[in-house]
Amino acid sequence: MDRTSSRTSGDPEKRGSSISEASASANPISQTLLTDPVLQKKVWRKMDLWVIPVVTMFYLLSFLDRSNIGNARVAGLQKDLHMTNKQYSIALTVTYVPYIVAELPSNLVLKMVGPNWLLPTMLTLWGVVTALQGVVTTYQGLLVCRFFLGLFEGGVFPGLVLYLSFFYPRLMLQWRVSAFFSAASISGAFSGLLAYGIINMDGVGGREGWAWIFILEGVFTVAFGIVSFFLLPRSPAHARFLTEEEKEYVQLVLKEDGATGKNEADDDHSWTEVAKAFKLPQVWILSVTLFFDGTILYGLAYFAPSIVQGLGYTANRAQLMTVPPFATAFAVAMVGAYVSDRYRCRGFVTIFGSFLCVIGFAIFLGSHQHSIRYGSLFFSIPGTYLAAPTLSTWNANNAAPYTRRATAIAIGFIFTNSGGILATWLLGSLSPGPSYTLATKVLLSFSAFMAATAALNTWYLWNENKKKELVRQTTTRDQEKAGLGDKSAWFEYAL
């Protein structure tokens with residue numbers, strides 16, 4: 001990113017315009033085309049209409065199929081399979097181990113295999129496994145299903161973040177990441193509604209209501225997985241909905257922004273770039289932050305129905321009562337994404353989300369009234385669902401070229417899902433309901449730590465940008481060594 005782009009308005013689309021102007025000045029033949037504001041709006045509108053809905057459905061189904069075990073537990077899964085709280089925690093942990101192992105390899109091969117093949121294949125396979133959970137009759141059978149569910153889902157979230165970075169410049173990315181990540185909050189609301197309706201099928205076909213939750217949701221995932229092979233473009237250059245001129249515009253914007261390499265070689269796979277990603281301070285600071293957020297996020301995703309049931313609601317009513325906090329989380333995440341992109345303030349939005357979590361857990365810990373404890377979920381759930389996509393985008397924004405970025409994203413999600421493992425034990429057997437006292441104290445402290453590490457990363461990146469600004473005053477871009485990626489003085493870190 002050069003000084004021209006760094007002085008532009010915070011509006012991401014206006015910023016995209018300035019990037020295209022800079023690119024066009026070096027290519028007079030395309031100057032008229034690439035500085036056309038009507039074309040620019042048309043391109044991003046097309047991308048949003050064709051790419052975002054498909055990606056959103058991917059993540060909605062991913063989160064739904066991974067977390068619906070919480071709804072099944074309330075509907076009788078744990079009782080029917082004679083599981084203890086410890087065994088339930090083990091079942092959740094078994095999901096995360098292959099999930100974590102799959103994340104980095106999946107991201108590294110995403111571009112080579114093609115996201116249009118790899119992502120739909122994973123979706124279809126985990127849909128099959130989700131449905132099979134509805135026919136298990138033993139605890140051991142459930143463990144096998146949870147293992148393969150984690151294996152096939154492992155690359156989806158880091159893969160989707162990486163995939164969107166193929167299509168959008170960095171400061172237009174968070175709103176799009178939040179759009180699909182908010183499917184997680186929608187799935188939290190949607191899962192409760194679905195479970196409320198599906199458990200009424202109890203006894204149909206000789207199966208319990210909780211089994212039908214898995215079967216019906218799994219069958220839908222398989223159906224969408226097959227359709228998605230025809231919906232997902234490999235890259236902007238392969239997008240059938242873009243004209244040749246529009247494809248050229250997108251590629252120039254991404255190259256100037258630093259989202260792609262300056263030439264094809266920059267974006268080739270390289271083990272050296274993998275190693276460099278492990279040396280980036282901002283990756284490790286954000287990874288620690290993502291661990292805190294992952295613990296909170298998955299704790300609430302898996303245990304919200306149980307938490308609400310512990311407040312005195314029946315199993316059916318508890319499914320419905322989880323809907324409003326998750327619906328609120330969707331609205332908060334989308335507003336936060338707009339603010340983060342518009343005003344270029346990833347760190348401050350993360351800190352705000354962390355404070356919402358602090359308020360929510362403090363209220364839950366300090367009160368014993370069921371209504372007040374339920375109200376606390378309107379702070380903690382929106383807070384973590386605001387912070388998570390902001391952190392994921394922030395991580396993707398500040399690593400380049402492609403292989404370094406792919407590795408950085410995977411590292412972040414490994415830490416996120418490691419937090420998920422802690423959450424399964426923390427709220428499962430170490431601090432069981434209905435009070436969840438120890439768990440609430442830990443999640444409260446993690447919320448405060450999340451704010452502190454986000455502030456640290458903001459300071460670090462701001463300080464690095466100041467150093468880069470001094471370098472730009474004493475040298476030219478042509479004099480700079482090639483292949484620096486995000487270490488280039490002309491790559492401005494997103495704050």
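As the structure is a computational prediction, the values presented were derived from the model and not from experiment. FYI, side chains are in, hydrogens and waters are out, and symmetry mates aren't considered; it's all heavy atoms of this structure.
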Non-neighbouring partners of Gln282 that pass side-chain contact (heavy atoms from CB on, under 4.5 Å), sequence neighbours left out: Leu280, Asn398, Asn457, Tyr460, Leu461, Asp486, Tyr493
Side chains of Tyr163 and Leu232 in contact at under 4.5 Å (non-hydrogen atoms): yes
Partners meeting side-chain contact (heavy atoms from CB on, under 4.5 Å) with Pro158 (sequence neighbours left out): Glu103, Asn107, Ile409, Phe413
Set of residues satisfying side chain to side chain donor-acceptor pair (under 3.5 Å) with respect to Ser488, sequence neighbours excluded: Glu480
Neighbour count above 12 (heavy atom, 6.0 Å) for Phe446 CZ: yes
Under-4.0 Å salt bridge between Arg472 and Glu492: no
Side chain to side chain contact (heavy atoms under 4.5 Å, CB included) between Phe241 and Val51, worked out: CA-CA 10 Å; Phe241 54 85; Val51 176; 3.9 Å; yes
Check: Ala494 main-chain N/O paired with Asn397 side-chain donor or acceptor under 3.5 Å: no
Minimal non-hydrogen separation, Phe326 against Leu300, with atom names: CZ-O, 4.1 Å
Separation of Tyr338 OH from Tyr343 OH (nearest 0.5 Å): 6.0 Å
All salt bridge (charged side-chain N to carboxylate O under 4.0 Å, His left out) counterparts of Lys487, not counting sequence neighbours: none
Pair listing, side-chain hydrogen bond (donor to acceptor under 3.5 Å, both in side chains) test, anchored in residues 144-156, at least two apart: Ser62-Glu153, Arg66-Glu153, Thr95-Arg146, Gln133-Arg146
Nearest-0.5 Å distance that lies between atom SG in Cys357 and atom OH in Tyr385: 11.0 Å
Any donor-acceptor N/O pair, Ser67 side chain to Phe63 backbone, under 3.5 Å: yes
Aromatic centroids of Tyr96 and Tyr298 separated by under 6.0 Å: yes
Val109: side-chain contact (heavy atoms from CB on, under 4.5 Å) partners, not counting sequence neighbours: Met112, Val113, Leu118
Aromatic plane relationship, Phe166 with Tyr402 - under 30° parallel, 30 to 60° tilted, over 60° perpendicular: tilted
Any donor-acceptor N/O pair, Trp394 side chain to Gly347 backbone, under 3.5 Å: no
Counterpart residues, side-chain contact (heavy atoms from CB on, under 4.5 Å), relative to Ser340 (two or more places apart): Gln174, Arg346, Val349, Thr390
Pairs involving residues 324-334, ordered by first then second residue, that meet side-chain hydrogen bond (donor to acceptor under 3.5 Å, both in side chains) (sequence neighbours left out): none
Distance, nearest 0.5 Å, that separates CG of Leu422 from OG1 of Thr93: 9.5 Å
Qualifying residues under side chain to side chain donor-acceptor pair (under 3.5 Å), relative to Thr476, sequence neighbours excluded: Gln479
Distance, nearest 0.5 Å, that separates OG1 of Thr130 from CG of Asp65: 3.5 Å
Check: Pro389 main-chain N/O paired with Ser392 side-chain donor or acceptor under 3.5 Å: no
Heavy-atom donor-acceptor pair, Lys46 side chain to Leu242 backbone, under 3.5 Å: no
Aromatic plane relationship, Phe224 with Phe58 - under 30° parallel, 30 to 60° tilted, over 60° perpendicular: perpendicular
Minimum heavy-atom distance Pro325-Pro382, with the two atoms named: O-CG, 4.1 Å
Closest non-hydrogen atom pair, Gly155 against Ser106: CA-OG, 3.4 Å
Minimum heavy-atom distance Ala333-Leu386, with the two atoms named: CA-CD1, 4.1 Å
Enclosure of Lys247 NZ (heavy-atom neighbours >12, cutoff 6.0 Å): yes
Asn116 side, atom CG; His238 side, atom NE2 - distance, nearest 0.5 Å: 8.0 Å
Contact summary for Ile351 and Ala454, nearest pair of heavy atoms: CG1-CB, 3.9 Å
Under 3.5 Å, side-chain donor or acceptor atoms of residues 283-297 against the rest of the protein: list the pairs with distances, not counting sequence neighbours.
residue: Trp284; atom: NE1; partner: Phe278; partner atom: O; Å: 2.5
residue: Ser287; atom: OG; partner: Val283; partner atom: O; Å: 2.7
residue: Thr289; atom: OG1; partner: Ile285; partner atom: O; Å: 2.8
residue: Thr289; atom: OG1; partner: Thr453; partner atom: OG1; Å: 2.8
residue: Asp293; atom: OD1; partner: Thr384; partner atom: OG1; Å: 2.9
residue: Thr295; atom: OG1; partner: Phe291; partner atom: O; Å: 2.9
residue: Thr295; atom: OG1; partner: Gly419; partner atom: O; Å: 3.3

Nearest-0.5 Å distance, CG of residue Leu231 to CD1 of residue Ile226: 12.0 Å
Sequence neighbours excluded, every pair satisfying salt bridge (charged side-chain N to carboxylate O under 4.0 Å, His left out) that has a member inside residues 227-241: none
Least distance between heavy atoms, Val253 atom then Pro169 atom: CG1-CG, 4.0 Å
Qualifying salt bridge (charged side-chain N to carboxylate O under 4.0 Å, His left out) pairs, either residue in residues 275-292, two or more places apart: Glu273-Lys276
